[in-house]
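Throughout, a chain's letter reflects where its sequence line sits, starting with A, and its residues are numbered from 1.
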Amino acid sequence: METKTINIKINGKNKQINSCMTIAELMTKLDINIKLIAIALNGVVIRRLDLDKVQIYPKDEIEIVRAVGGG
Amino acid sequence: METFANPCLTLLTDSTRYGELDFDLIEGAIEGGVDMIQLREPAFTESKVIKTGNLIREITKNKALFIFNGNPKIAHKINADGVQLPESRIDTVAADIPKGLLIGRSIHSKTTALKSEKAGTDFLIAGTLFKSNSHLEIDPSGLSLISTLCKVLRTPILGIGGINADNAESVIKAGAHGIAVISSIWSASNPKDAAKTLKQKLVVN
């Protein structure tokens, strides 16, 4: 069966991902350690407890912020 | 808003020295007994402060005070409990700061401590007490800074600079309401336990 994909933006760049993913699942797929980042979905910072509950929808804009100095 | 704890164990962030902020570590430190988290990241862009600050606000909610070390308007924007001002902002009086924010000031001498009290402040962070990794170039003031300030001020004072589990108790005995630390927790092999141990040292009978 063909996997359905959706288009989103991650840090301003277009990205195609599988549909029905949560933020936490996406971070695992991107090999990003969620304890070291803040994640905003469409401009709103996601609570840590909600990372594995919030589903990503088409056209969502995700910002991954590494909490370290230097821009 | 959380109340100002007495004794108060404060953890400052320093991603320049200790790398990316570990939000699990911050959560663990609060569980271990940290009463106040200070986001002190002068190299962060405003956008990064807002995203990171929002997350720390969520982590600290109903558990610890969240103080932003920097611009009072940004502190207000990220819903912090307060703002920490450097000694160089001694001319910023309480009336210039958004209402509802606690005002902390960093001071290094009796003169600026007295000026700070006049300008309006809820707490002071005084140092550098001991040799500190963050300020290797500075000759530490020793505990005399705390005992001198306690004689002339009514404002709660937190000691800072090279404080660890071995000397934390002496800072309280000198008259401080608490301590502010960076490396003692960020570089600990078990930050939660380190916070717990430091907190125990602050409860002096």
Side-chain angles (χ1 to χ4, degrees), chain A residues 2-71, chain B residues 11-32 37-64 66 68-71 74-75 77-80 134 182 185-188 190-192:
Chain A
E2 199 181 327
T3 312
K4 208 176 165 191
T5 59
I6 58 171
N7 293 310
I8 60 165
K9 274 190 177 177
I10 300 177
N11 289 358
K13 287 182 185 159
N14 291 320
K15 183 105 181 163
Q16 203 168 51
I17 63 163
N18 291 341
S19 60
C20 301
M21 280 182 108
T22 63
I23 301 266
E25 284 166 347
L26 176 63
M27 294 306 123
T28 304
K29 199 166 175 67
L30 296 174
D31 201 20
I32 290 173
N33 187 344
I34 57 172
K35 73 177 190 171
L36 300 175
I37 49 165
I39 302 166
L41 176 62
N42 302 322
V44 178
V45 174
I46 305 294
R47 299 193 317 160
R48 303 190 88 207
L49 290 170
D50 292 339
L51 290 174
D52 60 356
K53 299 186 188 84
V54 176
Q55 290 266 336
I56 302 166
Y57 294 128
K59 295 182 185 169
D60 273 349
E61 294 191 11
I62 293 169
E63 190 181 356
I64 301 166
V65 181
R66 289 173 65 227
V68 70
Chain B
L11 175 64
L12 278 78
T13 69
D14 185 356
S15 70
T16 307
R17 193 170 294 273
Y18 296 98
E20 287 168 279
L21 298 186
D22 180 335
F23 296 102
D24 278 359
L25 184 151
I26 294 174
E27 274 189 345
I30 294 169
E31 281 171 30
I37 298 289
Q38 278 216 9
L39 179 62
R40 185 185 180 278
E41 297 293 346
F44 277 19
T45 58
E46 182 172 336
S47 165
K48 192 170 279 198
V49 164
I50 289 170
K51 304 287 175 2
T52 311
N54 278 323
L55 194 57
I56 296 179
R57 172 70 292 177
E58 179 226 323
I59 291 170
T60 51
K61 206 171 184 181
N62 301 322
K63 292 178 186 164
F66 170 39
F68 174 60
N69 192 309
N71 186 327
I74 298 178
K77 216 172 184 174
I78 58 179
N79 206 19
S134 306
I182 303 174
I185 290 180
W186 283 103
S187 63
N190 185 329
K192 184 178 171 179

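Nearest heavy atoms, B:Phe23 versus A:Ala67: CZ-CB, 3.8 Å.
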Under 3.5 Å, side-chain donor or acceptor atoms of residues 39-49 of chain A against the rest of the protein: list the pairs with distances, not counting sequence neighbours.
from: A:Asn42; atom 1: OD1; to: A:Glu61; atom 2: N; distance (Å): 2.7
from: A:Asn42; atom 1: ND2; to: A:Asp60; atom 2: OD1; distance (Å): 3.1
from: A:Arg47; atom 1: NE; to: A:Asp50; atom 2: OD2; distance (Å): 3.0
from: A:Arg48; atom 1: NH1; to: B:Asp24; atom 2: OD1; distance (Å): 3.0
from: A:Arg48; atom 1: NH1; to: B:Glu27; atom 2: OE1; distance (Å): 3.3
from: A:Arg48; atom 1: NH2; to: B:Asp24; atom 2: OD1; distance (Å): 2.9

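Within residues 9-37 of chain A, the residues having any heavy atom closer than 4.5 Å to a heavy atom of chain B are A:Lys35, A:Leu36, A:Ile37, listed by residue number.
B:Ile56 does not touch chain A: none of its heavy atoms, backbone or side chain, sits under 4.5 Å away. Both the backbone and the side chain of B:Glu20 come within less than 4.5 Å of a heavy atom in chain A.
Side-chain atoms of B:Lys48 come within 3.5 Å of backbone N or O of A:Val68 as a donor-acceptor pair.
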* How far apart are the C-alpha atoms of B:Ser47 and A:Glu63, what are their side-chain angles, what is the distance that settles it, and do they pass the side-chain contact (heavy atoms from CB on, under 4.5 Å) test? -> CA-CA 11 Å; B:Ser47 165; A:Glu63 190 181 356; 4.0 Å; yes
